[in-house]
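Written below as structure tokens is the structure these notes are about.
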Amino acid sequence: MRLRSVAAWVSAGSLLLALANQAIAQTAVEEKRSRWEFGLGGWVATQGQTTWSHNASSIPGLGNPTSKLTYKDTGTNILEGTVRFWFTPRLFGRLTAGYGVIGGGHLTDNDYLVADGGAPSSSTTSDLTGNSTWYLNTDFGGRVKEFRNSRGYVDVFGGYQYWYQRFTANGLTQTTCTTAGQTQDLDPSTPKTDPLCNPNMSLSSAIPVITNTTRWHSIRVGGTVEYRFTRRLSVQSTMTFIPVSILDNTDVHHLRPDLSQNPSLSMLGYGIGGDAEVGARVMIVRNLFASVGYRVFWNQLINGNVTFHNSDGTSNQFSLTEFQSYRHGLTFGLNYSF
């Protein structure tokens with residue numbers, strides 16, 4: 001009896017040990033399991049604006065700021081795709097890219113003289129055509145928390161963002177030209193033959209005036225929180241901080257024979273920024289989700305310089321007093337994982 005009892009205990013122990021080993025092996029497999037996620041969607045009805053100004057007040061008579069250019073009402077619909085690979089159930093890499101053709105907008109170009117006490121001495125408007133924008137985000141991150149009862153999670157990530165925008169301003173209408181603007185001599189070597197503005201200035205919209213190309217290179221860190229109200233319905237929020245963003249901007253001023261044409265102006269500086277998105281997500285079938293939301297991109301210069309490249313090969317450098325780009329609009333998409 002004792003031998004049979006011992007044998008029974010040994011058999012039970014062996015069974016429990018085998019089950020434990022199987023559970024450990026299954027857990028190890030699950031921890032190493034990888035999967036893919038693919039997303040396709042859009043950033044629609046977006047509106048954007050780019051504003052920059054510089055200080056050349058070291059030249060007698062010029063104000064601070066000296067010029068301020070605003071590219072506004074630059075609406076577009078952007079097609080976006082995302083690929084995310086989960087190396088383990090907690091670690092992932094992600095690539096997101098978007099592209100859109102900007103459907104129009106307006107450029108306002110204001111110039112300032114000391115004589116007008118901070119009011120624009122010259123102001124012109126131009127139409128924007130032939131424009132585009134695209135961006136690329138690469139991130140690596142992980143899941144740091146899961147809520148009880150599968151109610152949601154918190155992911156953190158870090159990576160790189162490249163954001164490109166190009167505007168072409170066509171035509172020109174003079175809307176402001178003060179007395180000081182009509183008499184200010186911009187070139188001391190040719191007195192009173194090079195005024196700042198002409199009150200009767202008007203150019204056809206078929207004539208290109210300025211082509212502006214902006215590139216932001218950014219390091220980004222952020223997090224995503226999802227909370228599930230039901231198994232099918234959840235809300236999401238993604239907040240991204242950009243602690244370092246490098247500005248690389250070029251302008252071609254097609255009507256300025258005193259400036260080089262490739263480029264006429266170049267700008268370099270650094271700044272900060274941020275991206276934010278909030279929205280809702282619905283599970284259509286297992287592993288297939290639809291989402292809607294609202295997103296903002298924003299980059300702001302902290303310090304930088306603009307260089308004027310003269311047609312005779314010389315150059316002049318001044319400080320940038322402002323450079324800012326932002327875009328915002330609705331988002332939607334479909335996401336599938338396997």
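Residues: numbered from 1 along the sequence shown. The analysis underlying the following values was restricted to heavy atoms, covering all of them including side chains, and did not include hydrogens, waters or symmetry mates.
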Is it true that a side-chain atom of R232 and a backbone atom of M283 form a donor plus acceptor pair closer than 3.5 Å?
-> yes

Going through the checks in order, is the side-chain contact (heavy atoms from CB on, under 4.5 Å) test met by V154 and R143?
-> CA-CA 6 Å; V154 178; R143 184 146 299 175; over 6 Å; no

Under a single-linkage definition using a 4.5 Å side-chain heavy-atom cutoff for Ile, Leu, Val, Met, Phe, Trp and Tyr, are V209 and M201 assigned to the same hydrophobic cluster?
-> yes

Test item: S218 side-chain N/O and R220 main-chain N/O as donor-acceptor pair under 3.5 Å | no

With the threshold set at 4.0 Å, does a side-chain nitrogen-carboxylate oxygen contact exist between D155 and R84?
-> yes

Does the salt bridge (Lys or Arg N to Asp or Glu O under 4.0 Å) test come out yes or no for R295 and E80, once each step is laid out?
-> CA-CA 13 Å; R295 178 190 297 159; E80 180 179 280; 2.8 Å; yes

Pair T51, Q49: side-chain N/O donor-acceptor within cut-off below 3.5 Å = yes

How long is the span from the CG atom in L107 to the CD1 atom in I210, to the nearest 0.5 Å?
-> 5.5 Å

Under 3.5 Å, is there a donor-acceptor pair linking the side chains of W86 and E37?
-> yes

Does the side chain of S126 pick up a donor-acceptor pair with the side chain of H106 at under 3.5 Å?
-> no

For H254 and T211, does a side-chain donor sit closer than 3.5 Å to a side-chain acceptor?
-> yes

S337 and N335: side-chain donor and acceptor closer than 3.5 Å?
-> no

F318 vs L320, side-chain contact (heavy atoms from CB on, under 4.5 Å): CA-CA, chis, key distance, verdict = CA-CA 7 Å; F318 306 102; L320 283 170; over 6 Å; no

Without swapping roles, check the side chain of T138 against the backbone of L95 for a donor-acceptor pair under 3.5 Å.
-> no

Please work out which of the three classes, parallel, tilted or perpendicular, describes the rings of W216 and F323, given edges at 30° and 60°.
-> perpendicular

Are side-chain N/O atoms of Y153 and E226 paired as donor and acceptor at under 3.5 Å?
-> yes

Ignoring hydrogens and angles, state whether a donor on the side chain of S311 or D258 is under 3.5 Å from an acceptor on the partner side chain.
-> no

Ignoring hydrogens and angles, tell me if any N or O in the side chain of D111 forms a donor-acceptor pair with the backbone of S122 under 3.5 Å.
-> no

Starting at CD1 of I207, measure out to CG of L172 and round the result to the nearest 0.5 Å.
-> 9.5 Å

State which residue, out of N110, T178, T176, T173, fulfils the side chain to side chain donor-acceptor pair (under 3.5 Å) condition with S123.
-> N110

Regarding T82 and T96, is there a side-chain donor-to-acceptor distance under 3.5 Å anywhere?
-> yes

Can any side-chain N or O of N149 pair as donor or acceptor with the backbone N or O of R151 at less than 3.5 Å?
-> no

Checking R215 against Y164: charged group under 6.0 Å from the ring centre and within 45 degrees of the axis?
-> no

Using distance alone, with no hydrogens and no angle criterion, decide if T214 and Q165 have a side-chain donor and acceptor under 3.5 Å apart.
-> no

When rounded to the nearest 0.5 angstrom, what distance separates CG in N170 from CG in L203?
-> 10.5 Å

Taking atom types as modelled and ignoring hydrogens, do the side chains of E277 and T331 form a donor-acceptor contact shorter than 3.5 angstrom?
-> yes

Taking the six-membered ring where the residue is Trp, are the ring centres of Y135 and W163 under 6.0 Å apart?
-> no

Under 3.5 Å: donor-acceptor pair, side chain of T66, backbone of L62 | no

Determine, using ring centers only, whether F297 and W43 are less than 6.0 Å apart.
-> yes

Flag the pair F87 / F85 as yes when their ring centroid distance falls below 6.0 Å, and as no otherwise.
-> yes

Which heavy atom of M239 sits nearest a heavy atom of V278, and at what distance?
-> CE-CG1, 4.3 Å

Answer yes or no: is there a side-chain heavy-atom contact under 4.5 Å between Q236 and T238?
-> no

Measure the acute angle between the ring planes of F308 and H54, then classify it against the limits of 30° and 60° as parallel, tilted or perpendicular.
-> tilted

Residue pair S325 / N299, side-chain donor-acceptor N/O under 3.5 Å | no

Before giving the answer on ring-ring contact (aromatic ring centres under 6.0 Å, His included), spell out for F38 and Y336 the whole-Å C-alpha distance, their side-chain angles and the decisive distance to 0.1 Å.
-> CA-CA 5 Å; F38 292 93; Y336 180 72; 8.4 Å; no

Neighbour count >12 (heavy atoms, 6.0 Å) for atom NE2, H217 | yes

Is a side-chain N or O of S67 found less than 3.5 angstrom from the main chain of S53, in a donor-acceptor match?
-> no

Nearest-0.5 Å distance that lies between atom OG1 in T50 and atom OH in Y71 | 8.5 Å

Flag, side chain of T46 to backbone of T76, donor-acceptor distance under 3.5 Å = yes

To the nearest 0.5 Å, what is the distance between CD (Q182) and CG (N198)?
-> 7.5 Å

Hey, are Q317 and T307 close enough side-chain-wise for a donor-acceptor pair under 3.5 Å?
-> yes

Any side-chain heavy atom of L259 within less than 4.5 Å of one from N310?
-> yes

Please lay out, stage by stage, how R166 and S132 fare under the test side chain to side chain donor-acceptor pair (under 3.5 Å).
-> CA-CA 5 Å; R166 183 182 180 90; S132 63; over 6 Å; no

To the nearest 0.5 Å, what is the distance between CG (L40) and CG (L334)?
-> 7.0 Å

Ignoring hydrogens and geometry, is there a side-chain-to-backbone donor-acceptor pair from T321 to N55 under 3.5 Å?
-> no

K68 and W52, any side-chain heavy atoms less than 4.5 Å apart = no

Is a side-chain N or O of R327 found less than 3.5 angstrom from the main chain of W298, in a donor-acceptor match?
-> no

With under 30° as parallel and over 60° as perpendicular, where do the rings of F229 and Y227 fit, or are they tilted in between?
-> perpendicular

